[in-house]
Amino acid sequence: MTQADMLATVDTHADQDNGRLIVQTRFGEFEADARNMLQFPVGLPGFEQCRRFVVLSSVAMAPVQCLHAVDGPPASFLVVDPRLVLADYRCILSGPDKERLGVTGDEPLVWLAIVTVKEDQGASVNLRAPIVINPGKMLAFQVVPYDSLYPVKFPL
Amino acid sequence: MRITDRAPATNQGTIAVLVVTRKRNQAVIIGDAIEVRVLRIGRDGVRLGVSAPASVPVHRSEIYKLVCEENLAAAGAAAMPGDLAARIRSRAQDPGSDPRRTPES
């Protein structure tokens with residue numbers, strides 16, 4: 001099951017007829033489900049007031065997705081599964097990290113790394129500080145490890 | 001005490017500055033659940049023990065600031081390059097690019 005499928009399965013019990021949102025971002029217009037809102041209890045570093053996000057996908061952008069803030073100052077990020085960048089990418093969560101995500105066992109988690117595009121169309125991906133999502137509880141945060149060997153700017 | 005480049009999550013009004021001298025094994029309490037204790041004082045640094053609830057993330061400020069800067073750069077970035085997906089796919093097939101891999105000795 002791909003990460004996109006895992007996020008999509010959260011929606012399978014939902015009524016298809018309501019809760020649809022049209023979301024305008026810098027990367028285009030997307031349709032999202034209001035019930036697929038991710039809670040970021042402490043926001044993102046630099047965007048502490050953004051507490052709710054949606055992950056937006058389109059065929060044209062795949063495998064890149066858009067992480068879009070629904071509240072707080074405007075913020076949209078390009079994100080990608082870090083395992084598509086490095087097949088054996090790993091990030092260890094500490095006990096408090098797991099508690100923050102409401103992780104109790106070995107439930108599947110979704111990982112996203114933020115992509116930075118430069119003016120000259122060069123791009124890098126932040127493998128140092130990935131976003132981790134517990135799709136079962138729709139809780140997420142950006143992991144900020146102090147001893148990761150992965151760089152903040154991994155070239156793409 | 002002004003926390004560098006980090007806006008308060010809510011409007012918390014005036015930020016107070018506390019300057020206090022602590023000896024080894026002494027601590028300060030922040031709010032009712034966070035304790036910062038001086039564990040060791042060395043020539044080059046002070047070792048602190050921070051006790052906080054899991055809901056309060058604790059970071060080294062320079063690393064938090066680095067991630068802040070990268071997030072701000074990512075949010076202000078140009079449009080997505082048309083070949084980005086292709087670049088990502090080619091990376092996945094090139095395990096030699098993994099920075100954790102060290103040359104075999």
Side-chain angles (χ1 to χ4, degrees), chain A residues 26-27 41-49 51 61-64 66 69 73-81 83-90 95-100 114-129 141-142 144-146 149-156, chain B residues 3-12 15 33-34 45 47-102:
Chain A
R26 291 183 300 127
F27 308 109
V42 291
L44 288 184
F47 295 88
E48 287 80 3
Q49 290 161 40
R51 300 297 173 88
M61 279 175 70
V64 181
C66 177
S76 312
F77 301 90
L78 293 176
V79 291
V80 66
D81 178 352
R83 287 178 192 126
L84 292 179
V85 180
L86 292 177
D88 58 354
Y89 178 85
R90 296 180 66 203
D97 285 345
K98 288 180 181 168
E99 198 174 325
R100 214 169 287 146
I114 298 178
V115 175
T116 304
V117 179
K118 291 185 286 190
E119 285 299 329
D120 65 359
Q121 296 288 282
S124 61
V125 58
N126 183 351
L127 296 181
R128 173 78 180 259
F141 71 96
Q142 187 168 14
V144 184
Y146 67 88
L149 291 175
Y150 294 113
V152 166
K153 289 178 191 285
F154 184 82
L156 283 176
Chain B
I3 300 174
T4 319
D5 288 349
R6 186 175 178 183
T10 54
N11 184 9
Q12 290 164 347
I15 292 176
I34 301 168
R47 195 165 179 84
L48 302 175
V50 182
S51 315
S55 59
V56 179
V58 178
H59 304 293
R60 288 156 173 77
S61 63
E62 67 278 15
I63 295 165
Y64 192 86
K65 194 176 165 191
L66 186 73
V67 175
C68 275
E69 284 167 359
E70 193 58 26
N71 283 350
L72 289 164
M80 179 173 150
D83 66 340
L84 187 63
R87 283 192 236 167
I88 289 164
R89 290 201 185 94
S90 68
R91 272 290 175 196
Q93 284 147 21
D94 176 18
S97 59
D98 189 335
R100 294 178 307 139
R101 277 168 201 268
T102 51

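Predicted model, so just to flag it, every value in this text is computed and none were measured.
Among residues two or more places apart in sequence or in another chain, the ring-ring contact (aromatic ring centres under 6.0 Å, His included) test is passed with A:F47 by A:F77.
Interatomic distance, CD of A:E48 versus SG of B:C68, reported as 5.5 Å (0.5 Å rounding). Rounding to the nearest 0.5 Å places CD of B:E69 at 9.0 Å from NZ of A:K153. Atom CG of residue B:N71 and atom CD of residue A:Q142 lie 4.0 Å apart, to the nearest 0.5 angstrom. B:E70 CD to A:T116 OG1: the interatomic distance, rounded to the nearest 0.5 Å, is 3.5 Å.
The contact between A:A62 and chain B is made entirely by backbone atoms, counting heavy-atom distances below 4.5 Å. The contact between A:A129 and chain B is made entirely by side chain atoms (from C-beta outward), counting heavy-atom distances below 4.5 Å. With a threshold of 4.5 angstrom between heavy atoms, A:P41 does not approach chain B through any atom at all. Only the backbone of A:K118 comes within contact range of chain B, with at least one heavy atom under 4.5 Å from a heavy atom of that chain. For a residue to count as touching a neighbouring chain, one of its non-hydrogen atoms must lie under 4.5 Å from one of that chain's; by this rule A:P74 does not touch chain B. Only the side chain of A:I114 comes within less than 4.5 Å of a heavy atom of chain B; its backbone N, CA, C and O stay farther away. The contact between A:V152 and chain B is made by backbone and side chain atoms together, counting heavy-atom distances below 4.5 Å. Looking at A:Y146, both its backbone and its side chain come within 4.5 Å of chain B, counting heavy atoms on both sides.
For the set A:M61, A:E119, A:R100, A:K98, the entry with the most heavy-atom pairs within less than 4.5 Å of chain B is A:R100.
The side-chain heavy atoms of A:R128 and B:I63, taken from C-beta on, include a pair separated by under 4.5 Å.
Crowding of B:E62 atom CD: a count of heavy atoms from other residues, nucleotides or ligands under 6.0 Å exceeding 12.
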Self-check item: Step-by-step side-chain contact (heavy atoms from CB on, under 4.5 Å) determination, A:V115 to B:M80
Solution: CA-CA 9 Å; A:V115 175; B:M80 179 173 150; over 6 Å; no
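Looking at every heavy atom in both residues, B:L84 comes nearest to A:A123 through CD1-CB, 3.8 Å.
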